[in-house]
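Within every chain, numbering begins at 1; the chains are lettered A, B, ... in the order of the sequence lines, protein sequences first and strands thereafter.
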Amino acid sequence: MSNFRKIRGFSDIMGAEARKFRLMEETASIVFSRYGYDELRLPLLERTELFARSIGSDTDVVQKEMFTFPDRKGRYVTLRPEATAGAVRAYIENKLYAGQNLTKLFTVGPMFRYERPQKGRQRQFHQVNAEAFGSASPLLDAEMVLMLWTYLSELGLTDLTLQINSLGCRACQPEYAKRLQEYLRDTDADDFCSDCSERRERNPLRLLDCKQTQCQELMHEAPSMLDCLCESCRPHFHTVLDNLQRMGIAFEVNSRLVRGLDYYQRTTFEVMSGEIGAQSSVAGGGRYDDLVRQLGGPDHPAIGFACGMERLSLLLDDPAPAETDFYVAILDGDGLPEGMRICEDLRRKGLRGEMSYETASLKSQIRHADRIGAHYCIFLGRDELESGRLTVRDMGSGEQYQREAETLPEFLGR
RNA sequence: GUGGGUGUAGCUCAGAGGUCAGAGCACCAGGUUGUGGCCCUGGGAGCCGGGUGUUCAAAUCACCUCACCCACCCCA
């Protein structure tokens, strides 16, 4: 085996897997455009500072999962670990807000996080993202979730669960943090798992979604963010839920749904599957109403989501490859030029097929035609060259016909 | 970053210190068949993941390392 092997967590996407990726991309483009979204293609590399400022310098993503390195002039750059930061940067930098009050964008492509690979988790992974800027309307939140759900449905995915929560805004979050800390003060640090006892002070929200049973029991009685929503956030959340209900979207409100990226506020949501192992979250998103301003842009609210393509892929059936209409089997070396002409003529008529580039035995030619799934095998040997009529074999029935080359497109196209 | 599992032919795997490293499937050639699928004969193929050590002798034992898989963690 060669010494040149792919590096850890990076994979070659090919065959049925590549066809799934194409399906996910094309479906996204079709569905999202119905909702008014335009494609945005972002750089893979951005200044490290952009991610630290938007995702949060205290998060795991920024602290230990980014591919960060100095460029040739010593400036720190990072392979994007997610898409929102870059989309916000592009929104501000290109003044996409000018002349319109709503900007809807989607983007597809690779993301990079330095994590230990496992099922549904690679170091280079791929996301479908949608971001909408400029409206704080709860109807936009509902539409975003609806669009995501429609997208997943059109991919044929059922058996998914949608969870939704509100994290509150900068007005009500401090009040909740205070209440949560008061609650935690009455618990014993040693009763939590080691991770939770450490982050109890620094990042108490994280204790809410710890999977350890002892932590879940301790947090069972913890105050809920939903009880602390301010006079603005509470009706906003309820309007979102009302509209989802009206649109027939089934969801669960989960007040413990916490997102690991600091910029999320108000409505947050996650789509999960029970069939793909531990990495069960296939999509997630929410509002980030303060982020544009924080990154130096206008005070525009925004909302978005990301879909993990590798995880969706685990749920998709293998799409069949394109059908092969014909195979031109050359049985005599003199037939090679004519075979190529016939082959090319058929392709120009829109048919799909291949030819043998060298002569081979009839037996192996037929086997090859069978293997590539050709519907018809066209023989070109000594007899055919002399008579000017080709032998066409129907690979399904085994029947054979004599045909002039000119009549082939019509014959095969039926 | 932490744990557990696995690395032998293109694929699935057997071989557990001692003849030139094996099977099935796949592939190639030939035979048979009504010009493919069934059957028969033959063939090509392998840094036994890599390295170091122990031994007269290592795919096999020890240590190191790399990769893959699963889980923790984190997230999509």
| query | Does A:R382 come within less than 4.0 Å of A:D334, counting only side-chain N to carboxylate O? | reply | yes

| said: Less than 4.0 angstrom from a charged side-chain N to a carboxylate O is my criterion; do A:R89 and A:E46 meet it? | reply: yes

| message | Check this one for me: any side-chain N or O of A:R123 less than 4.0 Å away from OP1 or OP2 of B:C68? | response | no

| said: Counting the atoms with a prime plus P, OP1 and OP2 as sugar-phosphate, which does A:G9 contact under 4.0 Å by heavy atoms, base, sugar-phosphate, or nothing? | reply: sugar-phosphate

| Taking the inter-plane angle between the rings of A:Y263 and A:Y288 on a 0 to 90° scale, is it parallel (under 30°), tilted (30 to 60°) or perpendicular (over 60°)? | perpendicular

If I pick the [atom1] atom on [M] and the same atom on [N], what distance separates them, to the nearest angstrom?
{"N": "B:G15", "M": "B:U52", "atom1": "C1'", "answer": "24 Å"}
{"N": "B:C25", "M": "B:G17", "atom1": "C1'", "answer": "31 Å"}
{"N": "B:A21", "M": "B:G30", "atom1": "C1'", "answer": "28 Å"}
{"N": "B:A26", "M": "B:C68", "atom1": "C1'", "answer": "23 Å"}
{"N": "B:A58", "M": "B:C48", "atom1": "P", "answer": "14 Å"}
{"N": "B:A59", "M": "B:A9", "atom1": "C1'", "answer": "14 Å"}
{"N": "B:A23", "M": "B:C61", "atom1": "C1'", "answer": "26 Å"}
{"N": "B:G43", "M": "B:G50", "atom1": "C1'", "answer": "31 Å"}

Counterpart base for [N], defined by Watson-Crick or G-U wobble contacts under 3.5 Å:
{"N": "B:C61", "result": "B:G53"}
{"N": "B:C68", "result": "B:G5"}
{"N": "B:U41", "result": "B:A29"}
{"N": "B:C75", "result": "none"}
{"N": "B:G46", "result": "none"}
{"N": "B:A21", "result": "none"}

Round to the nearest Å and state the distance from [X] atom [atom1] to [N] atom [atom2].
{"X": "A:R8", "N": "B:C66", "atom1": "CZ", "atom2": "P", "value": "9 Å"}
{"X": "A:R371", "N": "B:G10", "atom1": "CZ", "atom2": "C1'", "value": "13 Å"}
{"X": "A:E358", "N": "B:C28", "atom1": "CD", "atom2": "C1'", "value": "13 Å"}

I'd like to know if the side chain of [X] reaches the main chain of [Y], judged simply by a donor and an acceptor atom lying under 3.5 Å from each other, with no hydrogens or angles considered.
{"X": "A:R123", "Y": "A:E115", "value": "yes"}
{"X": "A:Q265", "Y": "A:L167", "value": "no"}
{"X": "A:K20", "Y": "A:L316", "value": "yes"}
{"X": "A:S280", "Y": "A:G274", "value": "no"}
{"X": "A:T324", "Y": "A:F326", "value": "no"}

| remark: Whether each nucleotide of nucleotides 70-76 of chain B has a protein heavy atom under 4.0 Å at its base (B), only at its sugar-phosphate (S) or at neither (-) is summarised, 5' to 3', as SBBBBBB

| If we ignore angles and hydrogens, is there a donor and acceptor under 3.5 Å between the side chains of A:Y327 and A:Q365? | yes

| note | A:A283 meets the side chain to side chain contact (heavy atoms under 4.5 Å, CB included) criterion, sequence neighbours left out, with A:L148, A:V271, A:C307

Name the pairs: protein N/O against N/O of nucleotides 34-38 of chain B, kept only if under 3.5 Å.
unit_1	atom_1	unit_2	atom_2	d
B:U35	N3	A:Q400	OE1	2.6
B:U35	N3	A:Q400	NE2	3.2
B:U35	O4	A:Q400	OE1	3.0
B:U35	O4	A:Q400	NE2	2.2
B:G36	N7	A:R393	NH2	2.5
B:G36	O6	A:R393	NH2	3.4
B:G36	N2	A:D370	OD1	2.4
B:G36	N2	A:D370	OD2	3.2

